[in-house]
Structure formats: C-alpha cells, structure tokens
K.L.:
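Take a look at the following structure, please.
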There are 2 protein chains.
Amino acid sequence: MATAAGVRPRGAGRAQLHEVALRLFARDGVEGTSLQDIADDMGVSKAAIYYHYKTKDELVLGVIAPLVDQLCEIVRDARQYRGRQARVEAVINGMVRLALDSHSWFTVVLVDPYVVRLLPELPGLRQAWDQLGEQVIGPDGDNLMAVALLVFVTGLAGSISKPPLDALDNAQLRGYLTECGRRLLKVRRRSAPHAG
Amino acid sequence: MATAAGVRPRGAGRAQLHEVALRLFARDGVEGTSLQDIADDMGVSKAAIYYHYKTKDELVLGVIAPLVDQLCEIVRDARQYRGRQARVEAVINGMVRLALDSHSWFTVVLVDPYVVRLLPELPGLRQAWDQLGEQVIGPDGDNLMAVALLVFVTGLAGSISKPPLDALDNAQLRGYLTECGRRLLKVRRRSAPHAG
DNA sequence: GTCTATAGAAGGATAGAC
DNA sequence: GTCTATCCTTCTATAGAC
C-alpha cells in the first residue's frame, strides 16, 4: 500500500536493506552477519530479504556495487588536472572524503575476506581501482608509490573505524588524514628513496 | 605414543594448531573459519581441537596471545633510545619486521571484527599497544601522530596481504614499508601541519 | 512486499571409547 | 591425544499463503 500510494519512494525497502546490511557488515563482518540479524534490525522477517536478493552473495554484491561509481568519480575528477602532483592531490582528497562519508563501504570492501573472495564478480571495481592507481603511480610503475597507495587506502579503512579517532571532530580528522596522504604520496623527483 | 617417546616436541600438537588456525583466520576471517576447516587442514577430527581449547573463543585468544610479547619487545627496544625521532624509528623498524614476519597475526588482530570484540579479554595487548603509542605520539598527545600511527599499522596489515605486493621480494618490500613509516611518522618541530 | 513454516546443511560443543 | 557419534543451535534458502 505504501508503494502504491507513493508514501514511500520506490525502492525504499531495498535502500533500507542496503543501509542496514552495509552497517552490520562493517561492524560484524559479512560472515558474522546473518540474514536474521539484518531482518531483525529492519524489523521484518528473514524471508522478506529474499524478495530483493536470491542469495546472500547477491545481497553483498548489491550492497557494495555503488562504490564503483564513487571510485570512478574520483578518477574522473583527478584526470581533470595536469601533472602528477595535482592528480595525486585530487585522489587523496577524494579518498579521504569517501572514507569519511562512506566508511562502511570502505571497511567492508578493503577488509572483509568474504567480500575479497567475491570481488572477481565485480570487474568494474577492479577496473576503477586500476585507473585510480594509474593516477597515483604513474606510467613508470613506481613500486614505492604503489606500496604507499595501498598503505594509505587500507590505512584509511582501518583507522577510521577504530575508537581513538572518535574523539576528533570530522573536520580535524579530515585534515589529519589528508596530511597522512600527502606525506605518503609525495611525488619524488628521482627514483631513490632517501635512505636513512 | 609420540609424546611419550619424545619423537615430537612437547606441545607440538598445540603449536601446529596455532599455526594452522592463525593461517586460516588470516585468510578467511575467524567467522569464516570453522573448527571443521581447521581440523581438516590438520588432518585430525574436530573433537581433537577441543582437547586443547574448551571453546572457539579460547582458541582465538590462545592464537593471538603471543603477539603481546612481540609488541612488548618492540616497546622495550624503542625505550633504549633517547629522543623521540630515534624511538619512532625503532617502532617503525619493529612494526615492519613484525608485519613481514608475522603478517597473519597482524591481519587477524587489526582487521577481524570477531577478534576486535574479544580484545577486552586480552588486556595485555591493549596495554602493550598504549605503551607503543606513547613512544610515537609523545607525552603531549599529538593528534596527527596518533592518526598517522593508526594509518601506518592498519596500512601495514591491509597492504601486506594484498596481491599486488606479492611480486616484490621481501627486502624491497621492507624498504618501501619502512619509507612509508618514515614519511608518516616524521616528528614535527611545531604543532601545525603545513596546511596546503 | 511481507509473512509463517520448514527443509537441509553446517556450526559449536559434549560424551565416552581407545 | 585422538577418535566416533551425537545434540542442539543457527544458518541459508524455498514453498506457499496473504
């Protein structure tokens, strides 16, 4: 009735399902979240979920799929700039914003082993990630930059969900995380790291 | 018979159990690893595991407990140096070595939601972590350093387990990860991050 | 789009033999 | 220290009513 009368927007049920599932996946892990947990949180029955998705795997994929668009937008934005340093800066800003706005996506995709196993079924995500890597690493395939990028994004995912950072307000945290990105991804003139 | 004759060292069964469990926990997550999975990998029955630990939770705690000693040793080592920069350097080297030598521990403890929920039952780990933080962050409680440390260690945990880094040999990877630590945890003279 | 009821598999845990 | 057999719970998934 709600859908027919238009009281709820079309697909509100699915949107709420996505929201709840993502939140619980990020908190307890995908394997640690049963469909019963999700149904309880939504206040519906388990079977209601199966109306939207035939299997749990498809639910997981449906939940994380929107992340691809977010990554593509960061890549599009970065490409508007000329020069590696400017593009790197754009990637840093985009990733920090994404991590703060959608930290659940971040955590689930980068951290959850269940999701990692499913990733081959989302080739768009892999592709978006590769394009993002190109902006930072450059065409010469700088290994240090590749490592630093990985440390940065997984560090973002891991750190934002940890308690000691809850005390900081969002603006402060954004500043600190951005500074971390700048330090890690500073473009070098020559290929030797200044060995200590 | 093996134990009585001394063919196998004492506690070899338990040591193998730890090794197998940790490896599977790191690969599939704790919730994604059943006692059956562990038993199959060891070539024994599920019930054999219950001889060593009464519950799965105790198994998990038993597996990650040795990490506490590793962290304490890093703290002890760092304290031998005078001056923050030298101590920070010692922490970086210790954490990189630990991440490379025992990346499974790292991944499981920093990444797995099931383990995070159990951590309050390992107060020694929390204590060791706090002491390690003191070496890096300093007595003034520098927020940027606190964030950078968290990004660094979770970045270590997240990056070493990802495929693109498998191509690098260990010495190279160690150099890159150490450089990441130096960049992130460079001690500042004054308290303002050089805002861009 | 949501429900109840249930099938079928897998998980944690225990008992008791060897 | 390991085994087989078993118990109970929870999980994914399906069938069919409303």
Side-chain angles (χ1 to χ4, degrees), chain A residues 1-22 24-25 27-64 108 112-115 117-118 121, chain B residues 1-22 24-25 27-64 108 112-115 117-118 121:
Chain A
M1 196 183 293
T3 44
V7 174
R8 289 194 306 177
R10 185 164 47 169
R14 180 169 295 223
Q16 191 204 1
L17 170 57
H18 282 183
E19 184 264 310
V20 169
L22 183 59
L24 296 185
F25 287 164
R27 196 189 62 185
D28 302 325
V30 173
E31 300 252 22
T33 304
S34 70
L35 298 180
Q36 188 69 65
D37 293 332
I38 299 171
D40 289 349
D41 193 289
M42 292 177 69
V44 299
S45 87
K46 205 173 40 167
I49 298 176
Y50 281 97
Y51 170 79
H52 296 287
Y53 291 100
K54 277 201 298 290
T55 67
K56 187 180 181 181
D57 280 9
E58 288 184 21
L59 168 62
V60 173
L61 288 173
V63 164
I64 63 179
V108 169
D112 199 291
Y114 191 98
V115 173
R117 233 170 32 202
L118 284 181
E121 306 196 32
Chain B
M1 198 181 294
T3 44
V7 174
R8 288 193 306 178
R10 184 165 46 170
R14 181 168 295 221
Q16 192 204 0
L17 170 57
H18 282 185
E19 182 263 310
V20 169
L22 183 59
L24 296 185
F25 287 163
R27 196 189 61 184
D28 301 326
V30 173
E31 300 252 23
T33 304
S34 70
L35 299 179
Q36 190 68 64
D37 293 333
I38 298 171
D40 288 348
D41 195 287
M42 293 177 70
V44 300
S45 85
K46 204 171 45 165
I49 298 176
Y50 282 96
Y51 170 79
H52 296 286
Y53 291 100
K54 277 200 299 288
T55 67
K56 186 180 181 181
D57 280 10
E58 288 183 20
L59 168 62
V60 173
L61 288 172
V63 163
I64 63 179
V108 169
D112 198 292
Y114 191 99
V115 173
R117 233 171 29 201
L118 284 181
E121 305 196 33

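Lettering of chains follows the sequences in order, A, B, ..., and the numbering in each one begins at 1.
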K.L.:
Begin from the C-alpha positions of B/Tyr53 and B/Leu61 and carry the test side-chain contact (heavy atoms from CB on, under 4.5 Å) through to its verdict.
P.N.:
CA-CA 10 Å; B/Tyr53 291 100; B/Leu61 288 172; over 6 Å; no
K.L.:
Given that A/Lys56 and B/Val44 both sit by DNA chain D, which one's nearest nucleotide is further toward the 5' end?
P.N.:
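Counting from the 5' end, the first nearest nucleotide belongs to B/Val44.
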K.L.:
Whole angstrom is fine here: how far is it from NE2 in B/His52 over to C1' in D/dT2?
P.N.:
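So the NE2-C1' distance, B/His52 to D/dT2, works out to 9 Å.
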K.L.:
May I have the distance from B/Glu58 (atom CD) to C/dA13 (atom C1'), rounded to whole angstrom?
P.N.:
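Those two atoms, CD and C1', are 12 Å apart.
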K.L.:
How long is the span from the CG atom in A/Leu24 to the CD atom in A/Glu19, to the nearest 0.5 Å?
P.N.:
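Separation between the atoms: 8.5 Å.
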K.L.:
Can you tell me the distance, in whole Å, between the CG atom of A/Leu59 and the P atom of D/dC11?
P.N.:
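From A/Leu59 CG to D/dC11 P: 15 Å.
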K.L.:
Please give, in whole Å, the distance from C/dA9 P to A/Gln36 CD?
P.N.:
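These atoms are roughly 21 Å apart.
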K.L.:
Nearest 0.5 angstrom please: B/Thr55 OG1 to B/Ile49 CD1, how far?
P.N.:
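Answer rounded to 0.5 Å: 12.0 Å.
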K.L.:
Check nucleotides 14-18 of chain C for protein N or O atoms closer than 3.5 Å to its own N or O atoms and list the pairs.
P.N.:
none

K.L.:
Rounded to whole Å, how long is the line connecting atom CD1 of A/Ile49 with atom P of D/dA13?
P.N.:
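To the nearest whole Å, that distance equals 11 Å.
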K.L.:
May I ask you to test the B/Leu59-B/Leu17 pair for a side-chain heavy-atom distance under 4.5 Å?
P.N.:
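Yes, at least one pair of side-chain atoms sits under 4.5 Å.
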K.L.:
Using a heavy-atom cut-off of 4.0 Å across all strands, would you classify A/Ser34 as base, sugar-phosphate, or nothing?
P.N.:
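The residue A/Ser34 makes sugar-phosphate contact but no base contact.
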K.L.:
Within the pair A/Tyr51 and C/dG1, is there a side-chain N or O less than 4.0 Å away from OP1 or OP2?
P.N.:
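The answer is yes; a side-chain N or O of A/Tyr51 sits under 4.0 Å from OP1 or OP2.
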K.L.:
Supply the atom-to-atom distance A/Lys56 NZ to A/Ile38 CD1, rounded to the nearest 0.5 angstrom.
P.N.:
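Answer rounded to 0.5 Å: 7.0 Å.
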K.L.:
Begin from the C-alpha positions of B/Asp37 and B/Asp28 and carry the test side-chain contact (heavy atoms from CB on, under 4.5 Å) through to its verdict.
P.N.:
CA-CA 10 Å; B/Asp37 293 333; B/Asp28 301 326; 5.7 Å; no
K.L.:
In this structure, how many angstroms lie between the C1' atom of D/dA13 and the CD1 atom of A/Ile38, rounded?
P.N.:
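Answer to the nearest Å: 14 Å.
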K.L.:
Could you state the atom-to-atom distance from OH of B/Tyr53 to C1' of D/dG1 in whole Å?
P.N.:
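So the two atoms are 15 Å apart, to the nearest Å.
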K.L.:
Just how far, in rounded Å, is P of D/dC3 from CG of B/Leu35?
P.N.:
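B/Leu35 atom CG is separated from D/dC3 atom P by 14 Å.
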K.L.:
With distance as the sole test, does B/Asp112 use its side chain to make a donor-acceptor pair with the main-chain N or O of B/Val30 at under 3.5 Å?
P.N.:
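Yes; judged by distance alone, with no hydrogens or angles, the pair exists.
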